[in-house]
Structure formats: C-alpha cells, structure tokens
Visitor: 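Before I ask anything, here is the structure I am working with.
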Amino acid sequence: QVQLVESGGGSVQAGGSLRLSCAASGYIYSYICMGWFRQVPGKEREGVAGIHTGGRIYYADSVKGRFTISQDRAKNTVYLQLDSLKPEDTAMYYCAAAPGIDCYTAFRSTSSFGYWGQGTQVTVSS
C-alpha cells in the first residue's frame with residue numbers, strides 16, 4: 001500500500017506561482033511513476049505531469065514550459081512547480097502512483113495509477 005498526501009494548493013492571480021508537494025508513505029517501490037492529474041467538476045481528469053524513479057519526465061502539452069515536476073527520493077516526495085498560472089489551470093490537483101511502469105505507458109492508460117491522494121485545490125483568478 002502507498003499513501004499519498006498532497007499539499008501546497010491555494011489561490012493566486014494569473015501569472016503567479018505555486019508549488020505542490022506529494023508525500024508518499026507506506027511501501028516505497030523502486031520502480032514507479034509518480035504523476036500529477038487535475039480535474040474540474042464536470043470534466044474529465046487530465047494528466048499533467050509524471051516523473052519516474054529513474055528520472056524520465058512526462059508533461060502534458062498544455063503545461064509544457066510552465067510546470068516543472070521534480071522529486072526528492074530521500075524524502076519520498078514529488079513536487080509540481082506551477083508557474084505562469086492561468087485561470088484555466090484552476091482545478092483540483094491529485095497526486096497518483098503507478099508502480100512497476102514507466103510514465104509514458106502509465107499516462108496512456110491512467111488505470112495504471114492504483115494509488116491516489118485526496119487532492120489539493122488550485123484557484124487562479126484573472
């Protein structure tokens with residue numbers, strides 16, 4: 001079992017920044033994709049970014065150049081730096097884990113993500 005706890009959400013104005021954190025506990029896999037998703041009520045969940053324990057990184061086209069994913073393996077924590085935020089980035093952001101799979105494969109089939117956090121809200125005002 002893997003437990004994921006997100007933090008760092010909040011309200012900012014357009015152009016601002018936030019850093020989200022996802023702390024993992026429980027069983028720590030050595031080969032795992034950690035991903036960030038976001039969802040707005042009434043819309044499908046969208047994959048945002050992912051990072052593998054080996055370091056390979058995946059970004060959705062909508063956030064490339066604005067969001068940066070990183071990890072601190074010593075702290076079992078994954079970060080998502082959100083810069084140049086836009087109102088359309090407003091959503092609940094979720095951390096998720098896909099054990100035993102690379103991120104590019106995981107994001108093609110999001111059912112690969114078997115563990116999810118409770119989410120943290122990001123609100124961007126214009």
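By convention here, the first residue in the shown sequence is residue 1. No hydrogens, no waters, no symmetry mates; every other heavy atom, side chains included, goes into these values. Everything numeric here is computed off the predicted structure, so don't read it as measured data.
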Visitor: Of all the heavy-atom pairs spanning Ala49 and Leu80, show the shortest one and how long it is.
Guide: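 Scanning both residues, the minimum pair turns out to be CB-CD1, 4.0 Å.
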Visitor: Looking only at atom types and distance, does a side-chain atom of Thr90 sit under 3.5 Å from a main-chain N or O of Val124, one as donor and one as acceptor?
Guide: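 Present.
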Visitor: Is there side-chain contact between Val12 and Leu82, with heavy atoms separated by less than 4.5 Å?
Guide: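 No, every pair of side-chain atoms sits at 4.5 Å or beyond.
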Visitor: When you group the ILVMFWY residues by side-chain heavy-atom contacts below 4.5 Å and let the links chain together, are Trp36 and Tyr58 in the same group?
Guide: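 They do not share one cluster, since no chain of ILVMFWY contacts under 4.5 Å joins Tyr58 to Trp36.
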Visitor: Is there a continuous path of hydrophobic side-chain contacts, each under 4.5 Å between heavy atoms, that joins Ile51 to Tyr29?
Guide: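 Ile51 clusters together with Tyr29.
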Visitor: If you round to the nearest 0.5 Å, how far is CZ of Phe67 from CG of Leu20?
Guide: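 Going from the CG atom of Leu20 to the CZ atom of Phe67 covers 8.0 Å.
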Visitor: Can you tell me which residue among Tyr94, Tyr93, Phe113 is in a ring-ring contact (aromatic ring centres under 6.0 Å, His included) with Phe37?
Guide: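 With Phe37 as partner, Tyr94, Tyr93, Phe113 yield a single ring-ring contact (aromatic ring centres under 6.0 Å, His included), made by Phe113.
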Visitor: Out of Glu6, Glu88, Glu46, which residue meets the salt bridge (charged side-chain N to carboxylate O under 4.0 Å, His left out) rule with Arg38?
Guide: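 Only one of Glu6, Glu88, Glu46 forms a salt bridge (charged side-chain N to carboxylate O under 4.0 Å, His left out) with Arg38, namely Glu46.
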Visitor: Do any N or O atoms from the side chain of Tyr104 and from the backbone of Ile57 form a donor-acceptor pair under 3.5 angstrom?
Guide: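 Yes: the side chain of Tyr104 pairs with the backbone of Ile57.
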Visitor: Might you point out which heavy atoms bring Ile101 and Ser112 nearest each other, and give the distance in Å?
Guide: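 Taking Ile101 first and Ser112 second, the nearest heavy atoms are CD1-OG, 3.7 Å.
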Visitor: Determine, step by step, whether Tyr27 and Tyr115 satisfy the side chain to side chain contact (heavy atoms under 4.5 Å, CB included) criterion, reporting the C-alpha distance in whole Å, the side-chain angles of both residues, the deciding distance to 0.1 Å, and the verdict.
Guide: CA-CA 11 Å; Tyr27 184 80; Tyr115 301 100; over 6 Å; no
Visitor: Measuring from atom CZ of Arg56 to atom SG of Cys33, what distance do you get when rounded to the nearest 0.5 angstrom?
Guide: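 One finds 11.0 Å between CZ of Arg56 and SG of Cys33.
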Visitor: Do Asp102 and Phe107 come within less than 4.5 Å of each other through their side chains, counting heavy atoms only?
Guide: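 No - every pair of side-chain heavy atoms lies 4.5 Å or more apart.
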Visitor: Where is the tightest heavy-atom contact between Gln39 and Arg45, given as atom of each residue plus distance?
Guide: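 That would be NE2-N, 3.7 Å.
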Visitor: Do you know the tightest heavy-atom contact between Pro87 and Ala14?
Guide: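 Minimum heavy-atom contact is CD-CB, 4.1 Å.
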Visitor: Main chain of His52, side chain of Gln71: is a donor-acceptor contact present, judged purely on distance under 3.5 Å?
Guide: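 Confirmed, Gln71 side chain pairs with His52 backbone.
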Visitor: Determine yes or no for a side-chain-to-main-chain donor-acceptor pair under 3.5 angstrom, with Tyr59 supplying the side chain and Gly65 the backbone.
Guide: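 Absent.
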Visitor: Considering only NZ, NE, NH1 and NH2 on the basic side and carboxylate oxygens on the acidic side, decide whether Lys86 and Asp89 come within less than 4.0 Å.
Guide: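 Looking at Asp89 together with Lys86, the answer is no, because their closest N to O distance does not fall below 4.0 Å.
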Visitor: For the atom pair CD (Gln81) and CD1 (Ile69), what is the distance rounded to the nearest 0.5 Å?
Guide: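 Here the rounded value is 12.0 Å.
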Visitor: Inspect the surroundings of CD in Gln118 and state if more than 12 heavy atoms from other residues, nucleotides or ligands are less than 6.0 Å away.
Guide: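 Counting other residues, nucleotides and ligands, CD of Gln118 exceeds 12 neighbours.
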Visitor: If we ignore hydrogens and angles and just use 3.5 Å, is the side chain of Thr53 paired with the main-chain N or O of Ser30 as donor and acceptor?
Guide: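 A pair under 3.5 Å: yes.
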Visitor: Testing the basics here: between Lys75 and Thr77, what is the closest heavy-atom pair and its distance to 0.1 Å?
Guide: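 Heavy-atom minimum between the residues: O-OG1, 2.9 Å.
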Visitor: Which atoms form the tightest heavy-atom contact between Leu4 and Met34, and what is the distance?
Guide: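 Between these two residues, the closest heavy atoms are CD2-CE, 3.7 Å.
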